[in-house]
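To start, the structure itself, in C-alpha cells.
All values below were derived from every heavy atom in this structure, side-chain atoms included, with hydrogens, water molecules and symmetry-related copies excluded. The first residue in the sequence is number 1, and the count goes up from there. Ligands are counted one by one from 1 in listed order, and the atoms in each one are counted from 1 as well.
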Amino acid sequence: MFESSIIEISRTAIKNNLSFLKKHLNNVEISSVIKGNAYGHGIEQIVEIAEDSGIKHFSVFNVAEAKRVFDKAKNSPIIMIMGYVDGKELRWAIKNNIEFFVFDITRLETAIKYAKVLKKKAKIHIEIETGLNRTGLNKKELKEVINIIKENSENLEISGLCTHYAGAESIGSYYRIKKQIRNFNATKKLINSQGIFPKKYHSSCSAAAMTYPEARMDLVRIGMMQYGSWPSFEVYIHYLNTIKKNKKREEFDAEINNPLKRALSWKSRIMSIKKIKKGEFIGYGNSFLAQEDMFIATIPVGYSDGYSRSLSNQGRMIINGIRVAVVGMVNMNMTMVDVTNIANVNKGDEVILIGKHGDIEINVASFSEISEQLNYDILTSLPESIPRKIVN
Ligand SMILES: *Cc1c(COP(=O)(O)O)cnc(C)c1O
C-alpha cells in the first residue's frame, strides 16, 4: 500500500440502505443525491452501486458533478442539477438532456436561448420559495416565469415542480415544514390552473421523506440515508416510533436494530512506533503530558486528509481490535495514538479510523460526536485524493 489511507465503500451496505428506503417509503422513486463527491464516498463508486441497485435518477449540485455521472452511468439515468449551472454550461446540459432547477429568470432566459439554437427542449424543474428562503422563485417571479413558459412551450419541458425544506431533521422545524408543504400545494394548484402540469412533484430530502409522508410526492431526493447515516437522532427515533405503532411488541423488539448500514470505512497503517518516557510532552505544544512510560504509534493521516483538528486528544481509532486514543494535536499529515496497552503491535498494522473490527466500531455518528461536526461535514471533508475502493 503506497497511499497513506484508503476509503472502502461497501456495495452490500448501499444496496441494503436503498432497498430498506424503497420498501419503507412505499416504492416512491428515489433520486440518489451524489453532490459533495457523493458525501465523500466517490461519485463513480456510488453511481456504479446505485445503478446496480436499480436507481435511475441522480441529483447533483453542478455541471462538473453532472458530467461525472454522465460519463460513468450505464443505464442513461435522469441527471438533475439542483444548484449551479449558468452561461455556456446550460448549453451542455440541454444538449445532453440534463435536467436542472430554475430559480431565477436569467437562467430560464439563457436556457431558452440555447434550446432554440439546439432545437431541443430544456428540461426544467421550477423551484419555488416555500419558506427556506435560500433559492426558489417568489410569487412575483413565479408569475413572470409562468408567462415565459407559456410563450416558449416548444422549447421547454416542465420536468418538475420542487422545493426544499428548512431543517426537516429537527422537530423544532415542525410548524415551519408543515407550512412549507401547504405553500407547495397551493402553488401546485396555481400552476395547474394556468395549464402547466409538471411531470414530477418533489420536495423531500432523507429526513422529510422519513418524517412527513405527505411530502414524498412523486420523487424523493435521498442523500445521507443511502450512505447509512441518519440525518439526525430524532429522525431515527421517529422511525422507531412509526414501526412500533404498526407492530406487535415481540416483532418490534426483534426488529429494533438499525436498518441502515454504514457504507464507508476509512483505513490507514501504523507508520512508526516510539517509546516515550513518563514526564515528556507528546507532539506540538503541551496539550499531552505522558503520565507513565508509553508507546506511541504515528498514523500518516492528519487534518489535511479530513481528520479534524478537533479530534486532538479526543479521537479514537481501532488497532488490532482494540480501541486506542489520539494523544496530542492532530497535525497536518500525522496523528499519534496511544498503543501502550496493545500487546503485539507493529509498524504496518492496519488502523481503522472509521469502521469496524469484531464488536468494536467507530461509526460516522460517533466520529461526528467526538469531533463536534455534522455527519455531512465529516464525510464531505474526506478529500478526493484518498483512493476509494468498492468492497462487498
Ligand atoms: C442535499 C440535498 C438533498 C439530500 O439531503 P439528505 O439530507 O442528504 O437526504 C435533497 N434536496 C436538496 C435540494 C439538497 O440540496
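- Counting only non-hydrogen atoms, the option in H164, Q226, M210 that gets closest to atom 12 (C) of ligand 1 is H164.
- Of the residues K179, Q180, R182, the one that meets the side chain to side chain donor-acceptor pair (under 3.5 Å) test with T130 is Q180.
- R107 and E127 are not joined by a salt bridge, as no carboxylate oxygen comes within less than 4.0 angstrom of a charged side-chain nitrogen.
- Those atoms of ligand 1 that come under 4.0 Å of a heavy atom in M224, given as number and element, are 6 (P), 8 (O), 9 (O).
- In this structure, Y227 has its ring center at least 6.0 angstrom away from the ring center of Y376.
- Taking atom 9 (O) of ligand 1 as the reference point, the nearest protein heavy-atom neighbour is S206 OG, 2.5 Å.
- Counting only heavy atoms of the protein, atom 11 (N) of ligand 1 lies nearest to R221 NE, 2.9 Å.
- The shell of residues lying under 4.0 angstrom from ligand 1, judged by heavy atoms, includes Y39.
- Of the polar atoms of A207, none of the N or O atoms is found under 3.5 Å from an N or O of ligand 1, judged by distance alone.
- Among protein heavy atoms, atom 7 (O) of ligand 1 sits closest to Y376 OH, 2.7 Å.
- Of the options H57, H125, K199, a side chain to side chain donor-acceptor pair (under 3.5 Å) to E99 is made by H125 and by none of the others.
- Within ligand 1, counting atoms from 1 as listed, the ones closer than 4.0 Å to a heavy atom of K35 are 1 (C), 2 (C), 3 (C), 14 (C), 15 (O).
- Cation-pi geometry between K188 and Y201 is satisfied (NZ or CZ under 6.0 Å from the ring centre, within 45° of the ring normal).
- Aromatic pair F367/Y307: ring centres closer than 6.0 Å.
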